[in-house]
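Here is the structure we will look at.
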Amino acid sequence: MSSNPFRLQSPQPAKQPRDLRKAPAPQVQGADLKIQSRMKNVKYKVAILSGKGGVGKSFVSSNLAMALAAAGKSVGIIDVDFHGPSVPKMLGVRGQMLTADDNGINPVNGPFGIKVVSIDFLLPRDDTPVIWRGSIKHSAIRQFLGDVNWGQLDYLIIDMPPGTGDEALSVAQLVPNITGFIIVTIPSEVSTLAVRRSINFTKTVNTKIIGVVENMSYFVCPSESKNYYIFGQDKGKKMAEELGVPLLGQVPLDPRIAESNDLGEPFFLKYLDSPASKEFLKIADEVIEQVENQKLSDLNLK
Ligand SMILES: Nc1ncnc2c1ncn2[C@@H]1O[C@H](COP(=O)(O)OP(=O)(O)OP(=O)(O)O)[C@@H](O)[C@H]1O
Ligand SMILES: [Mg+2]
């Protein structure tokens, strides 16, 4: 048992950059074989992407994972956001440790038995920055995929950092037979440019789009029971239509979401009856329909 079962060193503060440069070069062939053998037990691998930050990717990843698990699926989640890992907190498992045995690294057990892996479980302190170049992140993603004892899974959800940089490229390259990407947006993104960028990324790396989730779509005023479309109405829906991709769902703004995430309590579990949680059940059904009935389409960008 070890508090840091990964071969990589725990991220070090900026004053020790030399240690990071000394990280061992990945054993390409052996590592890839290990990834192949772990990933062949995972039926569907779904990455959550967005063209810009702060739109709710980690919230959607965590709550979609819970909704899929609630629908009876076995689910794992990888937090690939090394610089701002937030999945453990949103699933209420922050502060737990990864352990290792002869079978590899054991993920942390989250709500509904979701298997969780994040760099957050290895950080010595809350305010430790992760200062890694792309090649180190590539190695870490390799280990997340190949060294973790994922077992048999229906879904592996991959929460990405914002944008289409190193991590997105590594995920697209390293995950064998990646099922596809889900793109998260909010209605205010200017001319849907950020989403188009994400869609063009998936085309460039030859992967499929499962659909778009519009987050922060509207706010239900509790005193008036009236919907307020703070960023504009149905922009994500129109964009999905325009781009020819399925709209998987529209998740409302709800102050309880921000509060649960800040407190480290799993929102979906705590507020099962909320409009947002019901929408996540719908989104999970849509994902299952798209993914398991082979409805994934290649895109024709207009
Ligand atoms: N529908 C919502 N209603 C209220 N608050 C929300 C909603 N969705 C997300 N939030 C809050 O917005 C903030 C950003 O969400 P989140 O961290 O999931 O975004 P992100 O896209 O993963 O960000 P980053 O790009 O930094 O990884 C968080 O504080 C979260 O609690
Ligand atoms: Mg995030």
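Both counts, for ligands and for their atoms, begin at 1 and track the order of listing.
Closest to atom 6 (C) of ligand 1, if we only count protein heavy atoms, is Ile257 CG2, 3.7 Å. For atom 15 (O) of ligand 1, the closest non-hydrogen atom on the protein side is Gly56 CA, 3.7 Å. Looking only at heavy atoms of the protein, atom 29 (O) of ligand 1 is closest to Asp262 OD1, 4.5 Å. Considering only non-hydrogen protein atoms, atom 8 (N) of ligand 1 sits nearest to Asn215 ND2, 2.9 Å. Nearest protein heavy-atom neighbour of atom 4 (C) of ligand 1: Asp254 O, 3.2 Å. Of the protein's heavy atoms, Gly54 O, 3.9 Å lies nearest to atom 14 (C) of ligand 1. Regarding atom 17 (O) of ligand 1, its nearest protein heavy-atom neighbour is Met90 CE, 3.6 Å. Of all protein heavy atoms, the one lying nearest to atom 12 (O) of ligand 1 is Met216 CE, 3.8 Å.
For ligand 1, the atoms sitting less than 4.0 Å from at least one non-hydrogen atom of Ala258 are 5 (N), 31 (O), numbered in the order shown with element in parentheses. Close contacts between ligand 1 and Leu253 involve ligand atoms 1 (N), 3 (N), 4 (C) [criterion: under 4.0 Å to a heavy atom].
Residue contacts with ligand 1 for Asn261 involve side-chain atoms from C-beta outward but no N, CA, C or O (heavy atoms, distance under 4.0 Å). By the criterion of a heavy-atom distance under 4.0 Å, neither the backbone nor the side chain of Lys52 is placed next to ligand 1. Contacts with ligand 1 closer than 4.0 Å are made by backbone heavy atoms (N, CA, C, O) of Pro252 only, the side chain lying farther away. In Val184, neither the side chain nor the backbone holds a heavy atom less than 4.0 Å from any atom of ligand 1. Neither the backbone nor the side chain of Asp159 comes within 4.0 Å of ligand 1, counting heavy atoms alone.
A donor and an acceptor atom, one from each side chain of Ser217 and Glu214, are located under 3.5 Å apart. Lys45 and Thr179 form no side-chain donor-acceptor contact under 3.5 Å, judged by distance and modelled atom types alone. Between the side chains of Ser58 and Ser61, no donor-acceptor pair is found at a separation under 3.5 Å. Under the 3.5 Å distance criterion, with hydrogens and angles disregarded, no donor-acceptor pair is assigned to the side chains of Asn215 and Gln250.
Proximity of the aromatic rings of Phe144 and Phe82 is defined here by a centroid distance below 6.0 angstrom, and this criterion is met. Within the 6.0 Å centre-distance limit, the rings of Tyr44 and Tyr155 are counted as a close aromatic pair.
Counting heavy atoms only, Asp81 comes closest to atom 27 (O) of ligand 1 of the residues Thr185, Val87, Asp81, Val60.
The Mg ion (ligand 2) does not have Met160 among its coordinating residues (no N/O/S atom, backbone or side chain, under 2.8 Å).
Ring geometry for Phe181 against Phe201 counts as perpendicular: the plane angle is over 60°, on a 0 to 90° scale with 30° as the lower cut.
Geometrically, ligand 1 and Lys57 share a nitrogen or oxygen pair separated by less than 3.5 Å. Between Ser50 and ligand 1, no N or O atom pair is found at a separation short of 3.5 Å. Considering both main-chain and side-chain atoms, Phe59 comes within under 3.5 Å of ligand 1 through a nitrogen or oxygen pair. For ligand 1, one of its N or O atoms has an N or O atom of Val55 under 3.5 Å away. Every N/O-N/O distance between Gly53 and ligand 1 stays at or above 3.5 Å. Ligand 1 has no N or O atom lying under 3.5 Å from any N or O atom of Ser86, backbone or side chain. Checking only distances, Met160 never comes within under 3.5 Å of ligand 1, N or O to N or O.
Contact check for Phe267 versus Met66: no side-chain heavy atoms found under the 4.5 Å cut-off. His138 has its side chain out of reach of Asp166: every pair of non-hydrogen atoms, C-beta onward, lies at least 4.5 Å apart. Lys73 places a side-chain heavy atom less than 4.5 Å from the side chain of Glu292.
Under the 4.5 Å side-chain contact rule for hydrophobic residues, Val116 and Leu263 do not share a cluster. No path of Ile, Leu, Val, Met, Phe, Trp and Tyr side chains, each step under 4.5 Å between heavy atoms, connects Tyr218 with Leu247, placing them in separate hydrophobic clusters.
The two residues Gln36 and Pro176 make their nearest non-hydrogen contact at OE1-CB, 3.9 Å.
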*Candidate pair Phe268 and Phe59, rule ring pair (Phe, Tyr, Trp, His ring centres under 6.0 Å), full reasoning*: CA-CA 10 Å; Phe268 178 84; Phe59 166 62; over 10 Å; no

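Ligand 1 lies nowhere less than 4.0 angstrom from a heavy atom belonging to Ser62.
Rounding to the nearest 0.5 Å places CG of Asp147 at 11.5 Å from CG of Leu98.
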